[in-house]
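In each ligand, atom 1 is the first atom listed, and ligand 1 is the first ligand listed. The first residue of the sequence shown is numbered 1, and numbering continues consecutively from there. These values consider heavy atoms only, across backbone and side chains, with no hydrogens, waters or symmetry-generated copies.
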Amino acid sequence: MTTVEQVLGASSVMPVLAFKGVDEALEISRLLYDCGVRVFEITLRHETALDSIRQVKAALPDDAIVGAGTILSPDLAKSARNAGAAFGVSPGLTKELGSAVRAMGWAFLPGVSTISEAMAAADMGFEALKFFPASVSGGPGFLKAAGSVLPGIQFCPTGGITAETAQDYLKLGNVPTVGGSWITPRKADGLIDLGATRERARAIKSL
Ligand code: 3PG
């Protein structure tokens, strides 16, 4: 079973992937894997997302950790896990969602954007949290302050992070990884830019 530590420790960047279909999911996930990516957050923002998780997991080698993002409810958590997602990520946290994922024993990163929310999440047993939306919720300055008062909590900031700002977060002791969609930019025609994706994915290892 995948642990939160494995998810956070897999890479300095977790690509946040909003695929528009299964074919795109397979093509881009293979490309990312070939560029060294080993952790994938496939968001549940398209009707094909669960199918994408299922097929990407089957297509990639076993060392790929394929998870699900935008888990907004217990039902979505169960569906994502049943589709094979090794972990889940949510932009927020409700009592119902927290209780459900704890009962499932699933690696899960709930989202918070304030100290009180982080304290509430820690009370529910979550010690690794998504900080979202990071860039407009205080950015690295917030996380530095959070580290002083909540030293036991690790954060994965996402939302508005770019290749240029990632390092500002990664240099903090409580940020093992950052998430973001900048790895897979789309062109004007709506398709994911393969050349830019390759370049950005390869650049992860130098962050
Ligand atoms: C998320 O779900 O974490 C965010 O949508 C990613 O934010 P970004 O698109 O600004 O990277």
Below 4.0 angstrom from a heavy atom of Gly180, which ligand 1 atoms are there? Numbered from 1 as shown, please. 11 (O)
With a 4.0 Å cut-off on heavy atoms, is Gly179 touching ligand 1? no
The closest protein heavy-atom partner of atom 4 (C) of ligand 1 is Phe132 CE1, 3.6 Å
Among all protein heavy atoms, pick the one closest to atom 3 (O) of ligand 1 and tell me residue, atom and distance. Lys130 NZ, 2.5 Å
Give me the residue, atom name and distance of the protein heavy atom closest to atom 10 (O) of ligand 1. Gly160 N, 2.7 Å
Is Thr43 close enough to touch ligand 1? Criterion: a residue heavy atom under 4.0 Å from a ligand atom. no
If you measure from CE on Met14 to CD1 on Ile161, what distance do you get to the nearest 0.5 Å? 10.5 Å
Please state whether Gly69 comes within less than 4.0 angstrom of ligand 1, counting heavy atoms only. no
Does atom CE of Met119 have more than 12 heavy-atom neighbours, drawn from other residues, nucleotides or ligands, at distances under 6.0 Å? no
If you measure from CD1 on Ile65 to CD on Gln6, what distance do you get to the nearest 0.5 Å? 6.0 Å
of all protein heavy atoms, closest to atom 9 (O) of ligand 1 is Ser181 OG, 2.5 Å
Just checking, Arg45 and Phe19: is the charged tip under 6.0 Å from the six-membered ring centre and within 45° of the axis? no
Starting from atom 7 (O) of ligand 1, what is the nearest protein heavy atom, named by residue and atom, and what distance separates them? Gly159 CA, 3.4 Å
Should the ring pair Phe142 and Phe155 be called parallel, tilted or perpendicular, given that the plane angle runs from 0 to 90° and is split at 30 and 60? perpendicular
Neighbour count >12 (heavy atoms, 6.0 Å) for atom CD, Glu127: no
Whether Arg45 lies under 4.0 Å from ligand 1, heavy atom: yes
Cut-off 3.5 Å, side chains only: do Asn174 and Tyr169 have a donor facing an acceptor? no
